[in-house]
Trainee: 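This is the structure I have questions about; it appears just below.
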Amino acid sequence: MMTPDDFEIHDISAFPVVRFFPESLPEGYALRWEEEMDALIAQPEPFVVLLGNAEVAEETHEDRKRRTLWLKRNRDALARACKGMVGVQPNAAKRLVMQTQSAALAGLFNVPLRIVASVEEAERLGRVFLSE
C-alpha cells in the first residue's frame with residue numbers, strides 16, 4: 001500500500017490524482033523519480049498525473065536522459081496504468097507550443113498528454129481521463 005510519506009517527488013495525497021511539480025526538483029532526482037514511477041505503475045488502480053509548470057524546471061541532462069529511458073522501457077506498463085497527463089501553462093503562446101510538442105510525446109508514450117491554462121482546468125481534465 002502506497003502512502004504519501006513514501007513519495008518525495010510525486011504528491012500522491014489525492015491518489016489516483018498524482019501531482020508532479022518539476023519546478024521544485026533537486027539535481028539528481030531521476031533515480032527517486034524512477035522508483036516512485038515503478039510504485040505507481042505497479043498499483044492496480046489507474047491514475048493521472050498533473051504536471052506543474054515544466055518550463056521553469058532546470059533539469060540536468062542526466063536527469064532528463066534517465067527519465068526518458070525509463071519512459072521508453074516502461075511505455076506499455078505506463079499506458080496501462082496512467083490514464084493521462086495534464087500540464088499547466090498559463091501563457092497562451094507558450095501553451096500552444098507545448099501543445100504541439102505534447103502531441104508527439106503522447107503518441108510516443110501512448111498516454112494522453114494535454115496542456116491547459118490553469119491548475120483548476122488540469123484537475124477537471126484529470127478527472128475526465130480517470131472516468132474514461
Trainee: Donor-acceptor pair, Arg95 side chain versus Pro90 backbone, under 3.5 Å?
Mentor: yes
Trainee: For residues Glu123 and Glu120, determine if any side-chain heavy atom of one lies less than 4.5 Å from a side-chain heavy atom of the other.
Mentor: no
Trainee: In Å and rounded to the nearest 0.5 Å, what is the CG to OG1 distance from Asp63 to Thr68?
Mentor: 10.5 Å
Trainee: Let me confirm one number: the CG-CZ distance from Asn74 to Arg80, rounded to the nearest 0.5 Å.
Mentor: 9.5 Å
Trainee: Using the side chain to side chain contact (heavy atoms under 4.5 Å, CB included) rule, take Gln99 and Arg114 through it: C-alpha gap first, then chi angles, then the decisive distance, then the call.
Mentor: CA-CA 7 Å; Gln99 286 168 337; Arg114 303 289 185 274; over 6 Å; no
Trainee: Side chain to side chain contact (heavy atoms under 4.5 Å, CB included) between Cys82 and Ile41: does it pass, once the steps are laid out?
Mentor: CA-CA 7 Å; Cys82 184; Ile41 64 174; over 6 Å; no
Trainee: For Asp6 versus Glu36, what's the shortest heavy-atom pair and its separation?
Mentor: O-OE2, 4.4 Å
Trainee: Please report the shortest heavy-atom distance between Phe21 and Gly52, naming the atom on each side.
Mentor: CD2-CA, 3.8 Å
Trainee: Tell me the closest heavy-atom pair linking Pro4 and Ser13, and the distance in Å.
Mentor: CG-CA, 3.9 Å
Trainee: Decide, yes or no, whether a salt bridge links Glu132 with Arg127 under the criterion of side-chain N to carboxylate O below 4.0 Å.
Mentor: no
Trainee: Flag the pair Met85 / Leu78 as yes when at least one side-chain heavy-atom distance between them is below 4.5 Å, and no otherwise.
Mentor: yes
Trainee: Can you confirm whether more than 12 heavy atoms, excluding those of Glu45, are under 6.0 Å from its CD atom?
Mentor: yes
Trainee: Just jot down the salt bridge (charged side-chain N to carboxylate O under 4.0 Å, His left out) partners of Arg67, sequence neighbours excluded, or say none.
Mentor: Glu59
Trainee: Taking salt bridge (charged side-chain N to carboxylate O under 4.0 Å, His left out) as the definition, give me every residue that meets it alongside Glu8, ordered by chain and number, with sequence neighbours left out.
Mentor: Arg32
Trainee: What pair of heavy atoms forms the shortest contact from Phe47 to Leu40, and how long is it?
Mentor: CE2-O, 3.5 Å
Trainee: Salt bridge or not for Arg66 and Glu34, using N-O below 4.0 Å?
Mentor: yes
Trainee: So Thr3 and Asp5, side chain to side chain donor-acceptor pair (under 3.5 Å) or not? Walk me through it.
Mentor: CA-CA 5 Å; Thr3 69; Asp5 291 339; 5.0 Å; no
Trainee: In Å and rounded to the nearest 0.5 Å, what is the CD1 to CZ distance from Ile12 to Arg19?
Mentor: 11.5 Å
Trainee: Between atom CG of Leu113 and atom CE of Met98, what is the distance when rounded to the nearest 0.5 Å?
Mentor: 8.5 Å
Trainee: Angle between ring planes, Tyr29 versus Phe20, binned at 30° and 60°: parallel, tilted or perpendicular?
Mentor: tilted
Trainee: Taking the side chain as every heavy atom from C-beta outward, state whether Val97 and Gln101 have any pair of such atoms under 4.5 Å apart.
Mentor: yes
Trainee: Looking only at heavy atoms, what is the nearest atom pair of Pro46 and Pro16, with distance?
Mentor: O-CB, 3.2 Å
Trainee: I'd like to check Asp38 versus Trp70 (side-chain heavy atoms, cut-off strictly below 4.5 Å). Are they in contact?
Mentor: yes
Trainee: May I ask you to test the Leu125-Val116 pair for a side-chain heavy-atom distance under 4.5 Å?
Mentor: yes
Trainee: Is there a side-chain contact between Val86 and Val48, using heavy atoms and a 4.5 Å cut-off?
Mentor: no
Trainee: Are any non-hydrogen side-chain atoms of Leu130 and Val17 less than 4.5 angstrom apart?
Mentor: yes
